[in-house]
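If you read the sequence from its start, that first residue is 1, and numbering goes on from there. Because only heavy atoms are used, hydrogens play no part in the values below, and waters and symmetry mates are left out as well, while side chains stay in.
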Amino acid sequence: MMTNDETEIRRLLERYAMAVAVSGDGIWEYPAIDPEQAFHRNIPVHYSERFPDLLGYHERDFAPVASSWWDAIHPDDLGTSSKAIAEHLMTGKPIYAEYRVFNRQREIRWWQVFGNSMPDADNKGKIRAIGVVRDITALKVAEETARNQLELITRQQKAIRALSTPIIQLWDNIITLPLVGAINSERASEIMDRLLAEVVRLRARYAIMDMTGVDAVDTTTAEQLYRIIRAVALLGGQVRLSGVNPAIAQTMTNLGVDISPFISHRNLQDALQACLRDSDRFVTH
């Protein structure tokens with residue numbers, strides 16, 4: 001006949017066993033050891049049945065010693081495991097690590113390891129450590145897939161931005177940037193970055209911004225154009241506009257924007273011819 005305390009302990013153990021089974025985690029326990037033994041390969045370790053199962057082993061084929069666990073860890077990740085244990089022994093912080101392991105079929109799996117230790121009540125100076133291992137391979141695969149998709153999207157966006165701001169070299173020291181559509185602050189910043197980089201790379205003296213494909217501008221756009229012109233000038237280049245339609249011309253004058261830095265031509269051909277003439281005059285003198 002069990003006492004009430006024994007009955008309660010039995011129920012607690014049953015609930016614990018059920019929780020462990022449902023979680024799918026493997027349980028490990030280092031019995032009483034000296035802290036200095038934490039990295040010894042031959043110390044005994046109690047593994048739950050699920051622990052070796054996570055690696056594809058039957059319990060009888062998985063020796064209850066530390067080396068069975070350590071040998072499964074990916075060689076490149078042994079430092080991660082050792083660091084987690086060392087930090088725990090130095091700071092008392094719970095053990096936590098994520099690393100790769102090889103299962104019996106030499107397939108790579110990802111494990112998440114939790115653990116903690118406490119002084120052993122029956123052996124002064126020794127500790128007991130216990131924890132769980134969890135297979136998080138599916139989560140890591142999902143993270144890698146999401147990361148790859150994000151990198152692909154980033155590359156696609158970069159390619160789209162490059163296509164939306166194509167810079168063409170028309171002559172040895174003349175480049176052109178055809179603008180199409182609306183120019184917001186973000187796009188203007190990208191235009192400036194690319195234009196300045198190409199002015200330096202190609203040693204361009206003239207940069208023609210062809211606005212034939214721009215229907216309208218606002219104050220922000222006009223100010224951005226002004227900044228682009230000034231930035232190119234600081235690099236020793238000169239920006240010229242072409243294809244400005246009447247609506248844009250009227251808007252810019254009505255906005256009260258300082259248009260003195262703007263050199264404008266009727267179309268791209270006129271701008272190119274003017275740049276060639278000025279370039280010849282520059283070389284001659």
Ring pair (Phe, Tyr, Trp, His ring centres under 6.0 Å) evaluation trace for F51 with W69: CA-CA 9 Å; F51 191 109; W69 182 358; 5.3 Å; yes

To the nearest 0.5 Å, what is the distance between CD1 on I167 and CD1 on I175? 5.5 Å

Distance-only check: which donor-acceptor pairs under 3.5 Å involve side-chain atoms of residues 248-255, not counting sequence neighbours?
from	atom 1	to	atom 2	distance (Å)
T251	OG1	A247	O	2.8
T253	OG1	A249	O	3.2
T253	OG1	Q250	O	2.8
N254	ND2	Q250	O	3.2

If you count heavy atoms of other groups shown closer than 6.0 angstrom to CD of E49, is the number above 12? no

What one should report as the nearest heavy-atom pair of E98 and T80 is O-CG2, 3.7 Å

Straight-line distance of Q238 CD to D278 CG, nearest 0.5 Å: 7.0 Å

Quick check: closest heavy atoms across A66 and Y47, and the distance to 0.1 Å? CA-OH, 3.8 Å

Evaluate the criterion side-chain contact (heavy atoms from CB on, under 4.5 Å) for residue pair F39 and S82; output intermediate values, then yes/no. CA-CA 8 Å; F39 296 99; S82 299; 3.9 Å; yes

Output the distance between atom CZ (R104) and atom CG (D61), rounded to the nearest 0.5 Å. 5.0 Å

Pair K83 + D77, salt bridge at N-O below 4.0 Å: no

Give a yes or no answer on whether the side chain of T176 reaches the backbone of I168 with a donor-acceptor pair at less than 3.5 Å. no

Over all heavy atoms of both residues, which pair between M209 and L195 is shortest? Give the atoms and the distance, please. SD-CD2, 4.3 Å

Can you establish whether the number of heavy atoms outside R227 located under 6.0 Å from its atom CZ is more than 12? yes

Salt bridge or not for R41 and D71, using N-O below 4.0 Å? yes

R201: partners by salt bridge (Lys or Arg N to Asp or Glu O under 4.0 Å), with sequence neighbours left out: E198

Within the distance-only criterion (no hydrogens, no angle test), does the side chain of S117 pair as donor or acceptor with the backbone N or O of A129 below 3.5 angstrom? no

Give the other cluster members for F102, using side-chain heavy-atom distances under 4.5 Å between Ile, Leu, Val, Met, Phe, Trp and Tyr residues; answer none if it is isolated. I108

Spatial distance of atom CD (E87) from atom CD1 (I85) [nearest 0.5 Å]: 11.0 Å

So, do T212 and L179 sit near enough that their side-chain heavy atoms are less than 4.5 Å apart? no

Answer whether the closest heavy-atom distance between the side chains of I73 and Y99 falls below 4.5 Å. yes

When rounded to the nearest 0.5 Å, the distance separating CZ of R100 from NZ of K140 is 10.0 Å

Contact check, side chains of V214 and V180, non-hydrogen atoms, under 4.5 Å: no

Are the side chain of D34 and the backbone of E36 linked by a donor-acceptor contact shorter than 3.5 Å? no

When rounded to the nearest 0.5 Å, the distance separating CG of N42 from OG of S67 is 7.5 Å

With a 4.5 Å heavy-atom cut-off, do F114 and I95 have their side chains touching? no

Q169 side-chain N/O to D172 backbone N/O, donor-acceptor pair under 3.5 Å: yes

Pairing donors with acceptors under 3.5 angstrom, does anything connect the side chains of S242 and D210? yes

Short question: side chain of H265, backbone of N267 - any donor-acceptor pair under 3.5 Å? no

Do the non-hydrogen side-chain atoms of D53 and R50 ever get within less than 4.5 Å of each other? yes

